[in-house]
Each structure stands twice: as C-alpha cells, then as structure tokens.
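The structure appears below as structure tokens.
Residue indices begin at 1 and follow the sequence shown.
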Amino acid sequence: MVTHRIALIPGDGIGHEVTPAARHVLDTVGARHGVRFEYDEFDWSCARYHETGAMMPADGLDRIRHHDAVFLGAVGDPSVPDHVSLWGLLIPIRRGFRQYVNLRPVKVFEGLPSPVRTARPGEVDLVVVRENVEGEYGEIGGRLHRGFPDEMAVQESVFTRAGVTRIAEYAFTLAESRRGVLTSATKSNGIVHTMPFWDEVVTGVAASHPDVSWRSEHVDALAAKLVLDPARFDVIVGSNLFGDILSDLTAAVAGGIGIAPAANLNPERDFPSMFEPVHGSAPDIAGRGVANPLGAIWTAAMMLDHLGHVEAAASVEGAIAAVLAQSPVRTPDLGGSATTEEFTKVLLEFL
C-alpha cells in the first residue's frame with residue numbers, strides 16, 4: 001500500500017461541496033489500486049480572511065511544503081475583492097512552489113453536447129499549457145495620483161528567457177506524447193516587445209523537437225478558430241493571460257466550465273503541485289448541494305496521474321466518460337436535477 005499525504009483546502013463556496021466528492025472518489029479508486037490518502041485539511045479561505053485579515057497564515061507555505069500534493073476546492077467570495085483573495089492564497093502557492101505549468105485538458109464527451117456544432121465527441125481532445133508564474137500577471141507596477149483626474153495605473157509584464165523556455169519545452173514534450181501538433185498563442189503584431197520575444201524563444205525550443213508540427217497563431221484569430229474548428233488543435237501553449245483566457249474558452253466549447261479540471265505543476269517536483277477545478281466558488285449556488293462535482297473529480301484524476309498512478313487515473317476518467325454517456329443523471333448546470341451527492345453516487349457506481 002502506497003500512502004500519499006494531501007493538503008486539502010476546500011476554500012470557499014462550492015469548494016466545500018465538490019471537495020468531499022473528489023475525496024470519496026480518490027479513496028474508492030485508491031483502495032482498488034493499493035493507494036491510501038491521508039488528508040490534512042486547512043481552513044484557508046475568505047471566511048478566514050474576515051476572521052484574521054489573511055487568507056492563510058504567514059507560515060502557510062511551510063505548513064504544506066512537504067505534502068505530496070495540494071488539492072484546492074475553490075477560492076473567492078463577493079465580500080472580498082478578487083485581487084485580495086487570489087493574491088492572498090492561490091498565487092502565493094503557485095509562485096512559492098514554482099508551479100510554472102498550468103495544465104488544462106479539454107474533451108467533448110458523449111452525452112454532453114457542446115454549444116459549438118462542430119465540436120463532436122471523440123474529436124475534440126486538446127490541452128492548454130499556460131505559463132503560470134510570470135508574464136502579464138506580474139507584481140511590477142502601481143497607481144499614481146489616486147483620486148485626481150489624472151490618476152493612472154501602470155502594470156508591467158515580465159517575460160524571462162528561462163520562463164518562456166521551460167513552458168515551451170514542457171508543451172513540446174507533451175505534444176510529442178500526444179498527436180504531435182502544437183499551437184503557440186501570440187500577439188506579436190500588436191504587443192511589440194514581449195510577444196516577439198515569446199515567438200523567438202518558442203521557435204528556438206521547437207528546433208529541438210523536429211517531430212512536432214507547430215505554428216504560431218495570433219490569439220484573437222486563435223480564439224475564433226477554436227470555436228470554428230476545435231478538433232484541429234492538440235496542444236496550445238500560451239502566456240499567463242492568453243492561456244487563462246483560452247483555457248476558459250475551450251472549457252466552454254467542451255460543454256461547460258463546471259467539468260473543467262486544472263493542475264498547477266512543478267515539473268521538477270522540488271515542491272508539491274496543486275490541483276484545482278476551474279469553476280470557482282460559485283456563490284450563487286453555494287450551500288444548495290447542487291454543484292457539479294465533475295471538475296473536482298477530473299482534477300483528482302489529474303492528481304492521481306501526477307502521483308504516478310496512471311491506471312487509477314484512467315479508471316476515474318473512464319467513469320466520467322461512462323456516466324455522461326450512459327446515465328441520464330445530471331446536476332442542474334447540465335440540465336438535470338441531481339444533487340452533488342446523488343451525481344457522485346452514480347459516478348462511483350460506474351467507477
């Protein structure tokens with residue numbers, strides 16, 4: 001029996017509803033594959049912010065540094081500004097643990113129609129690789145002349161050769177293990193310094209991956225092509241901002257952000273990686289017990305794969321595909337009336 005110690009952060013809103021579902025799936029599949037999970041739960045959240053003035057304690061990273069992985073439910077509440085909640089919890093973990101790869105797989109499943117008529121089950125299967133710790137989401141900048149008519153805000157983007165090289169290398173290597181097709185998102189016709197630099201570095205990395213067919217696409221045109229012909233794409237690599245936007249767009253193409261998983265990876269494994277569904281805290285439905293757990297469950301499968309349990313991860317993904325294809329049970333966001341608990345129970349039966 002292999003044991004993994006997981007730092008569990010349910011967070012806010014529906015994070016407290018989907019995290020138990022993912023945990024139940026992990027424990028079930030783990031028992032069948034010789035894997036046991038030990039969970040240390042942390043109350044880091046907007047509720048904690050209201051109580052203490054901080055999303056997590058000052059020594060938060062030290063408390064989870066030696067866990068095998070971090071599982072996060074959701075972050076955010078209308079009572080706390082987004083830049084406070086994210087920069088107080090999610091982003092410090094990503095950057096403190098050098099989780100420079102944000103990985104977001106996208107599939108169109110049988111039984112879950114896409115709003116895009118050309119997106120058919122079995123044909124759309126892509127991955128967005130997002131640079132996760134630099135780029136447009138930098139900390140350099142500030143505001144001047146607050147409250148006056150000439151008030152201004154300056155936000156600096158930071159692209160380093162090391163940062164662009166490592167994310168491009170990860171994306172090309174991933175493409176080699178898939179269909180061998182890569183698209184790099186750019187905007188070098190409008191952003192005159194950082195994007196040509198991005199293009200140059202990606203081109204240099206591509207030279208060491210001759211088996212990958214690749215092209216650079218301006219991000220606005222790429223967004224249109226993802227809607228018009230999503231099946232043509234395999235691996236898409238983008239900067240922090242472009243990757244963020246494209247991954248939500250592709251999740252919508254697949255039928256809903258509620259099923260979308262994500263991983264924040266430190267490929268060198270010097271630090272724990274963090275796994276989180278994409279959907280956010282959804283305060284409008286929090287507490288009603290109707291949240292879709294698929295995003296969290298698929299995220300759990302990604303964590304299993306990262307921890308080396310490939311067969312267990314595949315069985316969870318197979319159960320997701322089976323329940324969507326063969327069962328009429330759906331949560332409200334997918335057009336049904338099932339509760340989170342009811343849907344999870346059905347998925348566990350398929351598992």
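- Ile259 and Trp298 get closest at one heavy-atom pair: O-CE3, 3.2 Å.
- At least one test fails for Arg130 against the ring of Phe242: distance under 6.0 Å to the centre or angle within 45° of the axis.
- Side chains of Glu268 and Tyr100: a donor on one and an acceptor on the other come within 3.5 Å.
- Taking 4.0 Å as the cut-off between side-chain N and carboxylate O, Arg48 and Glu51 do not count as a salt-bridged pair.
- Side-chain atoms of Asn264 and Glu276 form a donor-acceptor pair, as typed in the model, at a separation below 3.5 Å.
- A salt bridge is absent between Arg179 and Asp125; no separation between the charged side-chain nitrogens and carboxylate oxygens falls under 4.0 Å.
- The number of heavy atoms from other shown groups lying within 6.0 Å of NZ (Lys345) does not exceed 12.
- Between His306 and Phe275, the two ring planes are tilted [angle within 30° to 60°].
- Side-chain N or O atoms of Thr340 include one that pairs as donor or acceptor with a backbone N or O of Gly289 at under 3.5 Å.
- Within a 6.0 Å radius of CZ in Arg98, no more than 12 heavy atoms belonging to other residues, nucleotides or ligands are found.
- With Glu311 contributing its side chain and Ala313 its backbone, the two residues share no donor-acceptor pair below 3.5 Å.
- Checked for salt-bridge contact, Arg5 and Asp68 miss the test: no charged N lies under 4.0 Å from a carboxylate O.
- In summary, the side chains of His309 and His4 do present a donor paired with an acceptor at a separation below 3.5 Å, with no hydrogens or angles considered.
- For Arg161, the CZ atom sits in a loose shell: 12 or fewer heavy atoms of surrounding residues, nucleotides or ligands are nearer than 6.0 Å.
- Residues Lys187 and Glu217 are not paired through a salt bridge, judged by the lack of any N-O separation under 4.0 Å between the basic side chain and the carboxylate.
- Side-chain N/O atoms of Ser184 and Trp198 include a donor and acceptor closer than 3.5 Å.
- Within 6.0 Å of the CG atom in Asp40, the count of heavy atoms belonging to other residues, nucleotides or ligands exceeds 12.
- Ser85 contributes no side-chain N or O that, together with a main-chain N or O of Val75, makes up a donor-acceptor pair within less than 3.5 Å.
- Heavy atoms from other residues, nucleotides or ligands lying under 6.0 Å from CD of Glu341 number 12 at most.
- No hydrogens or angles considered: nothing links the side chains of Ser273 and Asn266 as a donor-acceptor pair under 3.5 Å.
- A single hydrophobic cluster is not seen to contain both Val70 and Phe37; linkage of ILVMFWY side chains at heavy-atom distances under 4.5 Å, directly or through other members, places them apart.
- Between Phe42 and His67, the ring planes lie perpendicular to each other; the angle is over 60°, past the 30° to 60° tilted range.
- By the 6.0 Å contact criterion, OH on Tyr49 is open, its count of non-hydrogen atoms from other residues, nucleotides or ligands being 12 or less.
- For Thr344 and His24, the side-chain atoms include no donor-acceptor pair closer than 3.5 Å.
- Side chains of His279 and Asn292: a donor-acceptor N/O pair is absent below 3.5 angstrom, by distance only.
- There is a side-chain donor-acceptor pair under 3.5 Å between Ser239 and Glu136.
- Between Glu139 and Arg95 there is a salt bridge, since a side-chain N of the basic residue sits under 4.0 Å from a carboxylate O of the acidic one.
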